[in-house]
Amino acid sequence: MAGVAKSERGIRIAIDRGGTFTDCVGNPGSGKMEEDVIIKLLSVDPQNYDDAPLEGIRRLLSRFGGQEIPRGQALDTGKIESIRMGTTVATNALLERKGEGIAMVVTKGFKDCLEIGNQSRPNIFDLAIRKPEVLYKKVVEIDERVTLEDYAEDPERHQTEVKAAENSGEHAELVRGLSGEVVRILRRPQDDQIREQLQGVYDSGLRSIAVCLMHGYTYPKHEALVGKIAKDIGFEHVSLSHALMPMIKLVPRATSACADAYLTPAIRKYIDGFQKGFEGGLGTESVKRQAGAKGARCEFMQSDGGLVDVDGFSGLRAILSGPAGGVVGYALTSYDPETKTPVIGFDMGGTSTDVSRYGAGRYDHVFETTTAGVTIQSPQLDINTVAAGGGSRLFFRNGLFVVGPESAGAHPGPACYRKDGPLTITDANLYLGRLLPDFFPKIFGKNEDQGVDEEASKKLFEELTERINKEVTTGSGGGGKREAMSKDEVAYGFIKIANETMTRPIRSLTEARGHDTSKHRLATFGGAGGQHAVAIAEALGIKQILVHRYSSVLSAYGMALADVVDERQEPESRIWKDDDEDTRQYLQNKMEELKKKSSTTLRDQGFDDNQIHFEEYLNMRYRGTESALMVVKPSKDEAEKDFGGDAWAFGKNFVKQHEQEFGFTLPDRDIIVDDVRARGIGKTFEGLEKTVDQQLKAVKAKDVTGEDKVYGKRKVYFEGGRQDTSIYKLEDLAVGDRIQGPAIIADGTQTIIVTPGASALLIDTHIIINIGEETGADKKIDTKEVDPIMLSIFAHRFMAIAEQMGRALQKTSVSTNVKERLDYSCALFDADGGLVANAPHLPVHLGSMSTCVQKQAEIWRGKLKRGDVLVSNHPMFGGTHLPDITVITPAFSGDEIVFYVASRAHHADIGGILPGSMPPHSRELFQEGASIKSEKLVSEGHFNEKRITELLLDDPAQHPGCSGTRCLADNLNDLKAQIAANLKGINLISTLIEDYGEEVVQFYMHKIQDNAELSVRNLLKDVSKRFEGRDLSAVDYMDDGSPIKLKITIDGEKGEATFDFTGTGPEVYGNTNAPEAVTYSAIIYCLRCLIKEDIPLNQGCLSPVTVIIPKKSFLSPSGSAAVVGGNVLTSQRVTDVVLKAFNACAASQGDCNNLTFGFGGNVEGEKAVRGFGYYETIAGGSGAGPDWDGTNGVHTHMTNTRITDAEVFERRYPVILREFSLRAGSHGAGQHKGGDGVVRDIEFRIPVQVSILSERRVYHPYGLEGGEDAQCGLNLWMRKIAKVADSDADVKGGQSNGDVRTESGTHSVGEDEVEYRQINMGGKNTASMQPGERIIVMTPGGGGWGPVGKDSESKQDQRQDPKHSWRGGSVAGRQAEAEASA
C-alpha cells in the first residue's frame, strides 16, 4: 500500500466483497507494498463462515499477530487503524429485488410516475415489452402542489421579483426557492390528512418510506413536513428526495429516493451484523467514544469513488461501491500527473466487462445512470458495463457469430466447469491454449477436487464447427459457399467478436467526449482482462497496456488508496455573465457555505485542514437546452494558461468544455447555472513512491532469453495458426525482465497473453505490454467467398457507425425534440441508396429513409461533388411527414460515390397553419409547413444558409393562413448537427476502408444485406409451415372509417411473400394519408419483431417481399395530399394490421397521441410575433400476446420517444401538469390482459393554441383469440365559461381568476363567477385555450389475448428485461437511448 500516510495506530485493511470472491489486502502499518498480505476467499461459504469480510479480517489479524484467532471470537479493534470496504450488498439487493418493503409518497396526480417513467420501452423490437418493476409496495398521494411562476421559453424573458422563502411570511403565495426560481404555492398540505395517510402505511407493516414532491428540489418545505410526521409516527427510515439530491427532474429524483429507502435498511442490517464481530466499535463516533483505545475507523466506498464513514453509508450511494474501487485503483496507480497520459480502465469479469476513463487528474462523474432497471440521480463514476465476459455464451445464428448477452453464470458456468454448461468465451480461450489448466484452482467436479475439463470444451466446439460447416459449405448461411472452417478458426472467431463487442463502448466513452482513443493507455484488471487486452488495445490504436501486479485484487487495493469524500450540492437558476460581479459574488458565497459544511464533516472524521481539499463545480447549460455540463473550477495553471489568470472563469471553461464535448457553442444564448457543487476530499493517499513513467525511465530492460525462467511451453492459437508459446510464472520474473511475444505470463489469479509482435516489461508495480506496429500474421481478406467471422465483425462495425452518428447528432443538436426526446434516426447506405445499417432509433424511419436516399441518388446521379450535402422532406421523395427532415451526404472514392450516409430528425416547427407543424385539420400539404423536394444544403463545403432560410421561413408564409418556421435558429442548428453526424459517419467508414480496403468493405456491405434476406426467408418458411400454407389476411379501420386491407401470400418453398393492400380506402381529404415509404417501414419493423433475434436491419429484409399498394389509396397518396398524420397514426394502424395477419399479438394503443401547443409566427400580411412551439407524443397500453400480458403506459410499435419530465415541463413552458397517471381499467381483459393507457391533464397559464392529433377514438384496439378489446382514447377540453343560472356545467378546477368566454366575447371575472365545461375534442382538433383551461388526454389501452377466465401463463418475473442487470454508465445510457428512441 505504497504512499498511504503512516500511522502509529497499526493495521490497515481494505476489502472488496464481490459477487463471487471477496478480496482482502492488509498492511501491518508500514505502508510498504512488499509487506502487503493478500487473501482471496469465496463471498458465500456458509459451511465455513457467515460473513466473508469478517473472515478475511480474522485471517489477516491472525497473520499479523502471529497466532490463530478462533472463528466466532470477537475481533479486537485495538490493533486496527482502519477498515475500508466496497460491497455489492446494495447492487445485489437491487438486482434480486430483495430490499426493504417501502412506500412512495408523491404529489397528487403522480402516483404512477415511476411505472410510466419516461414512457420509452427498453427494446423496440420486443412485442412482449419488459419494463423493470418499481421498488415500492404502496403509493401515498399528498394533496399539495407548487409550481414555478416564470417559464424559460418566454420570448419576453419576464422575471417575477419576490423575497426568499424564509422572509416571505407563512401564507405567501409566491416565494423564492433554493434555486432562486420563483415558486407559486397552489395548495398547502394538511398535517392531519398526511398523518392519517402515513399511519395507514405504518399499520400495513411498512417501516421505510421515500418522499418526492413536485419541485421539492427548490421548495423542500412540504417534503420536510412529510418527513417530520413520518418520524413522529415511528418510521425507521425516511428518504427525502431534496436531501439526497436536490436536482430538477421528478422521475429520477423519485427513483433515487425509492432506491435509497429500499437499500439503506438492507445496508444498515448488514453493517450492524458486521460490527457485532468486533470487540470495539467501528467508525468515527466509536473512535471518539473509545478515546482511541478500542474503536477503529471504518469507511465504505461510494459510487463516486470516495470513501464515507460507516455511519454515513447509504443505499443510494452504494450501488457501484465495488467497481468504484477498481477505478480508484487503476487511476491512482496508472496515471502520472506529470505526463498526464489518460488511462482507459478495462475490467473483464465472468458475466460482464466494466470500462471507464481517467484523465486530467479527476474522475469522470455522471449524475443520472440506470442500474438494474433503476434510474439513479446521484454522482457516480462513469463506469460503463457491457454484457460480455468470460461466461458470455456463444451462438451461430442466421449465418452470424454471436457472443452474449446471455451468460452461463456461476451455475452451471462454462462447459469446462464440469456442470454440463454451454460454450462460452472461457471455453474458447481454454481450447485455443490461452488459458492454462495448471493455474486454475481444482474446485470442479462432484467432489470439488478436479481441474477444468478441456475435453468438454473441445467436444462442444467439434459439434458447433460441424453445424457451422454444414451451413457455410452449402451456402445455406446466406453468404454463398466457402471452404470448411477448423475448430480453431471457429473458436478464434468468437474471441474476435467478443473483442469487437467490448471495443464499442470504449470508443463511445472516449470519442463521445471529444477524446482520441489512441492517445490513451489501457489499464486492464479483473479475472479475464489479460487474455483480451492486447487485441482490444490493437483495435483501439492504443500502444501500451498496464497490468498492475495486484490487478486481480485491484478493487480492494483501490479502497486502500482512496480518499474520504463529502459531497454538497444546492440548486440554482442564476444567469452567468463573465462581467456580472454580483452574480459571481453570490455564487462564491454559496460555494463557501457548502465548503464550510463539508470541512466540518471531514474534521469530525479526524482530518486536519491541510488534508482537506476541494473540487468546486457549477452545473451549467445554455438556455433552452437540457444538456447541462458539470464544470470544474479551473486549476491555477489552467487559469493562467487559458483564462488570463481568472480563477473563477466558469463561463469560459463551460464554453471550452461545450465546444470539446458537443462540437459547437451558442454565443447568442444565456448560460444558466443549475447547481452549485462542492466536493470535499479528505486526503489519505500521498502518491506512489514512483509513478509508472518514472519507473519506466529508471528501469534497465533486459530481454529474457534461454529457458531458465520458462515454466513450460504449449501450442497457442494466434491470428493465422497455432504457435509455440513460452509460459512464465510471474513470481519467477525480476524487475527489468522483458519478454517477447508470443508468451503467456501467469500467476494464481491472472493469465496475461502477449501476442506475437508485442513485448512485456516488468517494473516494480506493473507489467507493461508494448504493442509493436505489426502484430500477428497479416492476413489478406478474401472477397471471393464470405467469411462468417468477418461478416459478423462487419455487422458490428456498420451498426456501430450508425449508432455513433446518432450519438453525434444527439450531442450537437439544440432542440428538445432531438436532444431529449430522441426523435431522430441515422443510417448507412450503399452506392445505390440501399440500406446497409440503421441504428435502432425510430422504427418508422427504418425502411423509409432508404426510399429517400434512392430517389436523391437517382436525381443527382453524376452531378454531386465532394463536400455536397442534400436535404429533402417531401413525401413523394421518400419523406414521411414534413417535420422529419432528411440530410444526405455522399462519400467518394476518387470521382465515384461509394456509399451514402443520412440522418433524419424531427424539427419542432417548420411553419404551416399551426405552431408545432402537426395541424390536426390540414387538408393540403402546404398547410403542414415547408416542403423540400431535393436541394443542396451544402455545396462543396459551403452551407447554403440563404436558400434554406427561404425554404423554411419565407416560402411557407406565401400560402394562405400559413406561417414560416417559428424557430429558425433551432432549425439551422439542428441541420448543422445532422451535417456533423453525417460527417462522423463518413470519417468512420473512411477509417474502415483504410483498415480493410474498399473492395472488402463494399463486398461485406452487400453480403450483410444477403444475410438479412436469409433471416427473413427463414422466418417466412416457418410462418408458412405454422399456417399450413394458408394465405394470411386482416383488416382494420382508421377512425374516419377508411379500411386498411391486407392479404399476405407466402411461398413456403422459396421463403417469399406478397403483401397485398388491395381494398385499402382511397386518399382522404385530411392528413392521415401515408406515403408509401411508411408502409415499407411498418413491414420491416414487423418482420424484425417476428424474427425475435438481432439481425442486421437493411435492404435485404425486403428482398423476399413484394409489396402491392394500390395507387391513389391513402397508403399511396398524391403529391399535394396532407400527410402529417400518416407518419404518426396510419403507420401504427398498418403495423396493427400486419401483426393481426400473422396472429402475433393483440392491438396496442395504435396511436401516438400527438399534442402540440404554442403561439407566434409570421403569417403573410400580419406582424410577426415571437413565440414558441411544443410537441409531445403520449404513451398508451401495449397489446397482450400468447404468453405475455400487455404493459401499462408505454410507447408501442412505430414510436418510442421520451416524454419531458414533469418538472422540466413546468420550468420550460407556461403549464401546470395536473395529472400524469395510468388510466385504470382501459386495458382489454383476457387470459393475458392488455396494458392500460394514461391520463395526461395539462392546465395552461397563458393563452395558447392547442392541437391534438390522435386515433383509436372510435375503433377499439382489438383483442385476439377471444381476448377483449381495449377502451378507446378520449380528448377533453375543460373550457372555462361565465356562470349562468341553472347551468349544466359540471366540473370545477383549474386556477383562479382569469379571462372567460361569454356569448358576447372574452371577459375578466372572479373565481365565483366561473365554471368549467367538459368538451369532447374528438380525435383531431385545435382550440385557442385561455389561462386556467385544460386539455385532458386519455390514451387507449392494449387489447387482451385469450378468453377471460382461462388461467394466465405469463409470469411476472419474466417481465424484467434481462439486459437491465448489466446496464450502467453514460454509454449504456446513450445505447439504451439509441435502442429505445423514436
Side-chain angles (χ1 to χ4, degrees), residues 107 109-110 112-121 147-148 150-154 181 212 214-215 217-218 247-255 368 375 377 621-628 672 674 810 813-824 842 883 905-909 915-916 918 967 970 974 1128 1152-1158 1172-1180 1193-1195 1199-1221 1238-1245 1248 1250-1252 1334-1337 1339 1373 1376-1377 1380-1382:
T107 301
F110 296 92
D112 303 310
C113 67
L114 296 194
E115 189 172 344
I116 299 168
N118 63 17
Q119 77 180 10
S120 69
R121 60 194 188 275
T147 190
L148 302 181
D150 302 319
Y151 67 102
E153 294 295 317
D154 182 358
E181 293 164 295
C212 186
M214 276 288 283
H215 302 291
Y217 70 96
T218 188
M247 287 179 90
I248 191 169
K249 284 193 183 176
L250 176 75
V251 170
R253 212 174 62 253
T255 322
E368 201 175 297
T375 301
Q377 199 178 44
R621 64 183 168 86
Y622 283 118
R623 185 190 289 278
T625 72
E626 290 303 321
S627 302
I672 311 281
D674 270 347
Q810 188 199 352
S813 64
V814 169
S815 69
T816 307
N817 267 350
V818 179
K819 219 171 189 67
E820 278 91 54
R821 290 186 56 251
L822 313 174
D823 198 341
Y824 63 82
L842 271 177
H906 185 111
H907 288 245
D909 197 300
M918 298 283 290
C967 48
D970 279 9
D974 281 355
V1128 290
C1152 290
N1153 305 294
N1154 305 270
L1155 177 71
T1156 53
F1157 61 82
F1172 68 84
Y1174 173 75
Y1175 168 55
E1176 70 180 21
T1177 58
I1178 307 170
V1194 68
H1195 257 324
T1199 188
N1200 201 26
T1201 45
R1202 298 178 166 208
I1203 197 89
T1204 306
D1205 186 87
E1207 290 178 344
V1208 174
F1209 188 44
E1210 292 189 4
R1211 173 192 260 183
R1212 292 189 74 160
Y1213 301 101
V1215 296
I1216 298 170
L1217 185 59
R1218 289 284 175 188
E1219 182 181 356
F1220 188 34
S1221 64
V1238 304
V1239 176
R1240 193 157 170 87
D1241 181 346
I1242 302 169
E1243 178 182 330
F1244 299 97
R1245 304 183 66 202
V1248 285
V1250 182
S1251 305
I1252 184 75
R1334 289 147 56 204
I1335 185 167
I1336 305 173
V1337 181
T1339 69
E1377 286 161 5
S1381 338

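Given the structure is predicted, the values throughout are model-derived calculations rather than measurements.
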Would you please test I1335 and L1155 for side-chain contact (heavy atoms from CB on, under 4.5 Å) and show each step?
CA-CA 10 Å; I1335 185 167; L1155 177 71; 3.9 Å; yes
For F1220 and V1239, what are the C-alpha separation, side-chain angles and deciding distance, and is it a side-chain contact (heavy atoms from CB on, under 4.5 Å)?
CA-CA 6 Å; F1220 188 34; V1239 176; over 6 Å; no
Report the C-alpha distance between Q377 and Y217 in whole Å, list the side-chain angles of each, state the deciding distance to 0.1 Å, and finish with yes or no for side-chain hydrogen bond (donor to acceptor under 3.5 Å, both in side chains).
CA-CA 12 Å; Q377 199 178 44; Y217 70 96; over 6 Å; no
Decide side-chain contact (heavy atoms from CB on, under 4.5 Å) for I1242 and F1209; before the verdict, give the C-alpha distance in whole Å, the side-chain angles of both, and the deciding distance to 0.1 Å.
CA-CA 10 Å; I1242 302 169; F1209 188 44; 3.9 Å; yes
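Smallest separation of non-hydrogen atoms from A1206 and L250: CB-CD2, 4.3 Å. Scanning all heavy atoms of the two residues, the minimum distance from C1152 to H1195 falls at O-CE1, 4.2 Å. When all heavy atoms of Y824 and Q810 are compared, the pair lying nearest together is OH-CB, 3.6 Å. Shortest non-hydrogen contact noted between G1193 and A1179 is C-CB, 3.7 Å. Nearest heavy atom pair, residue S1221 against residue G109, reads CB-O, 4.1 Å. For N1200 against S120, the heavy-atom pair with the smallest separation is OD1-CA, 3.2 Å.
A salt bridge links D674 with R1211: the distance from a Lys NZ or Arg NE/NH1/NH2 to an Asp or Glu carboxylate oxygen falls below 4.0 Å. Using a 4.0 Å cut-off between a side-chain N of Lys or Arg and a carboxylate O of Asp or Glu, K249 and E1207 do not qualify as a salt bridge. Under a 4.0 Å N-O distance rule, the pair D1241/R1334 qualifies as a salt bridge.
Looking at E153, its side chain never comes within 3.5 Å of a backbone N or O of Y1174 through a donor-acceptor pair. With hydrogens and angles disregarded, no donor-acceptor distance shorter than 3.5 Å links the side chain of N1153 to the backbone of G1180. Remark: side-chain polar atoms of T1339 are paired, donor with acceptor, to backbone N or O of V1238 under 3.5 angstrom. Checked by atom type and distance alone, the side chain of R121 never pairs as donor or acceptor with a backbone atom of V1194 at under 3.5 Å. R253 places a side-chain N or O within donor-acceptor distance of the main-chain N or O of M247, the cut-off being under 3.5 Å.
Annotation: the span from D1205 atom CG to R1212 atom CZ amounts to 12.0 Å, rounded to 0.5 Å. E1219 contributes atom CD, which lies 12.5 Å from atom OG1 of T107 (distance to the nearest 0.5 angstrom). One finds the OH atom of Y1213 at 12.0 Å from the CZ atom of F1244 (value rounded to the nearest 0.5 Å). Considering OG1 of T218 and CG of L148, their distance stands at 7.0 Å, rounded to 0.5 Å. Rounding to the nearest 0.5 angstrom, the gap separating the OG1 atom in T1156 from the OH atom in Y1175 is 8.5 Å. For the atom pair CD1 of I1203 and CG of N118, the computed distance is 9.5 Å after rounding to the nearest 0.5 Å.
Considering only heavy atoms from C-beta on, Y622 stays 4.5 Å or farther from I672 through its side chain. Taking 4.5 Å as the limit, some side-chain heavy atom of I248 sits within range of a side-chain heavy atom of V1208. In this structure, the side chains of T147 and V1215 stay at 4.5 Å or more apart for every pair of heavy atoms. Contact annotation: the side chain of R1245 approaches that of I1216 to within less than 4.5 Å [non-hydrogen atoms, C-beta and beyond]. V251 places a side-chain heavy atom less than 4.5 Å from the side chain of L114. Using a 4.5 Å heavy-atom threshold, the side chains of Y151 and F1172 count as touching. Using a 4.5 Å cut-off on side-chain heavy atoms (C-beta onward), M918 and S1251 make no contact.
Under the 3.5 Å distance criterion, with hydrogens and angles disregarded, a donor-acceptor pair is assigned to the side chains of H215 and E1210.
Results of the side chain to side chain donor-acceptor pair (under 3.5 Å) test with E1176 over R1202, Q119, R1240 single out R1240 as the only residue that passes.
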